[in-house]
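A quick note: this is a predicted structure, and the numbers were derived from the prediction, not measured.
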Amino acid sequence: MKHFKLIFVLAAVIGLSACQSKVQYGDASEVETVNENFGSTDLQAISAKMVDSMLTFPPVMMLTQNDRPIIFVDSIKNKTSEHIDTESVTDSISNKLLRSGKFRFIDMTRVESVRKQLDYQNNSGMVDPTTAIQFGRQIGAQYMLYGNLSSIVKQEGSTTDVYYKMTMRLMDLETGLIEWSDEKEIRKAKTRSFLGL
């Protein structure tokens, strides 16, 4: 009986040690190829391509030569069949453009929070009126940057082919004219082995 208990304890210890996992840091810029889905490498490639294209487009260079136009970035629309955090794509593009020093930004995602704060400052009676920020003093955006992320997925046998396309445009809000447009394409393929892995 003692032998059975000893064998059971040893089997449990071996089983627990076999189930342990190890976590380690990796390079965030390293190519990520866990699967064919949209990933961090794709996000970085799209952000870099779009920002470089926009900043080096001659008409945009003229717009930003002596001025820092005010822009708002609309959330990227996800038109793919998978869940993609397009807010991260939007944030990466916004950050890169802001860090270029060529544009100033209005964050439209925080308009409601700002409205509540201004309402509190002006109507609660708890803020010194001489320090309260007045309604109607914000500067309007001159341009809107917006885009779509779409995909086409094809599968035949053990091969899955995924094509992603990101399209972005910069619109002059006064005239409605598109001042810049570009797209970035990414193709990924996954082939399963005969073992199904």
Chemist: Ignoring hydrogens, what is the shortest heavy-atom contact between Lys102 and Pro69? Give both atom names and the distance.
Modeler: O-CD, 3.3 Å
Chemist: With a 4.5 Å cut-off on side-chain heavy atoms, are Tyr120 and Val127 touching?
Modeler: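 In contact.
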Chemist: Between Ile106 and Ala141, what is the shortest heavy-atom contact and its length?
Modeler: CD1-N, 3.3 Å
Chemist: Is it the case that over 12 heavy atoms from other parts of the model lie below 6.0 angstrom from the NZ atom of Lys79?
Modeler: no
Chemist: Are any side-chain N or O atoms of Ser53 and backbone N or O atoms of Lys49, one a donor and one an acceptor, separated by less than 3.5 Å?
Modeler: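 Answer holds: no.
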Chemist: Measure the spacing between CE of Met50 and CG of Leu97 and express it to the nearest 0.5 Å.
Modeler: 11.5 Å
Chemist: Compare all side-chain heavy atoms of Arg169 with those of Trp180 and state whether any distance is below 4.5 angstrom.
Modeler: no
Chemist: Assess the residue pair Ser75 and Thr86 against the criterion (side-chain contact (heavy atoms from CB on, under 4.5 Å)); give the C-alpha distance rounded to whole Å, side-chain angles, the decisive distance to 0.1 Å, and a yes or no.
Modeler: CA-CA 7 Å; Ser75 295; Thr86 53; 5.6 Å; no
Chemist: Can you name the nearest heavy-atom pair linking Ser92 to Ser47, along with the distance?
Modeler: CB-OG, 3.2 Å
Chemist: Hey, are the side chains of Ile70 and Tyr143 touching, using non-hydrogen atoms and a 4.5 Å cut-off?
Modeler: no
Chemist: Does some side-chain heavy atom of Asp42 sit less than 4.5 Å from a side-chain heavy atom of Lys188?
Modeler: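 With C-beta onward as the side chain, the pair touches.
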Chemist: Kindly determine whether Tyr164 and Glu185 satisfy side-chain hydrogen bond (donor to acceptor under 3.5 Å, both in side chains), including the steps that lead there.
Modeler: CA-CA 6 Å; Tyr164 293 102; Glu185 299 170 303; over 6 Å; no
Chemist: Out of Thr90, Asp74, Thr167, which one pairs with Tyr146 under the side chain to side chain contact (heavy atoms under 4.5 Å, CB included) rule?
Modeler: Asp74
Chemist: Going from CG on Asp85 to CD1 on Ile76, what distance comes out if it is rounded to the nearest 0.5 angstrom?
Modeler: 11.5 Å
Chemist: What distance separates Phe72 CZ from Met171 CE, expressed to the nearest 0.5 Å?
Modeler: 9.0 Å
Chemist: Can a salt bridge be assigned to the pair Lys165 and Glu183 using a cut-off of 4.0 Å between side-chain N and carboxylate O?
Modeler: yes
Chemist: Is there a donor in the side chain of Thr80 and an acceptor in the side chain of Asn78, or the other way round, less than 3.5 Å apart?
Modeler: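 A pair is found: one side chain offers a donor N or O, the other an acceptor, under 3.5 Å apart.
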Chemist: In terms of hydrophobic clusters joined by side-chain contacts under 4.5 Å, are Met144 and Ile139 together?
Modeler: yes
Chemist: Do you know which two heavy atoms are closest between Gln121 and Thr131, and how far apart they sit?
Modeler: OE1-O, 4.3 Å
Chemist: Just verifying a value: how many Å separate Ile71 CD1 and Arg104 CZ, rounded to the nearest 0.5 Å?
Modeler: 12.0 Å
Chemist: For the residue pair Asn122 and Gln134, establish whether any side-chain heavy-atom pair is separated by less than 4.5 Å.
Modeler: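 Side chain of Asn122 against side chain of Gln134, heavy atoms only: contact under 4.5 Å found.
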Chemist: Supply the atom-to-atom distance Leu63 CG to Leu170 CG, rounded to the nearest 0.5 angstrom.
Modeler: 7.5 Å
Chemist: What pair of heavy atoms forms the shortest contact from Ile84 to Leu149, and how long is it?
Modeler: CD1-CD2, 3.8 Å
Chemist: Donor-acceptor check, side chain of Lys154 to backbone of Ile152, threshold 3.5 angstrom: yes or no?
Modeler: no
Chemist: Assess whether atom CD of Glu156 is packed by more than 12 heavy atoms of other residues, nucleotides or ligands within 6.0 Å.
Modeler: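 Atom CD in Glu156 is not crowded, with 12 or fewer foreign heavy atoms closer than 6.0 Å.
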Chemist: Within the 4.5 Å heavy-atom criterion, are Leu55 and Phe103 side-chain neighbours or not?
Modeler: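 Contact flag for Leu55/Phe103 side chains = yes.
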Chemist: Leu98 versus Ser94: any side-chain heavy-atom pair under 4.5 Å?
Modeler: no
Chemist: State whether the number of non-hydrogen atoms from other residues, nucleotides or ligands found under 6.0 Å of Gln117 atom CD is greater than 12.
Modeler: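 More than 12 within 6.0 Å, yes.
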Chemist: Which value, rounded to the nearest 0.5 Å, describes the distance between Asp172 atom CG and Ile178 atom CD1?
Modeler: 9.5 Å
Chemist: Would you mind checking if Lys190 and Asp161 are paired as a salt bridge, meaning a charged N to carboxylate O distance below 4.0 Å?
Modeler: no
Chemist: For atom CD of Gln155, is the number of surrounding heavy atoms from other residues, nucleotides or ligands below 6.0 Å larger than 12?
Modeler: yes
Chemist: Do Val51 and Ile93 have side chains that approach each other closer than 4.5 Å (heavy atoms only, starting at C-beta)?
Modeler: yes
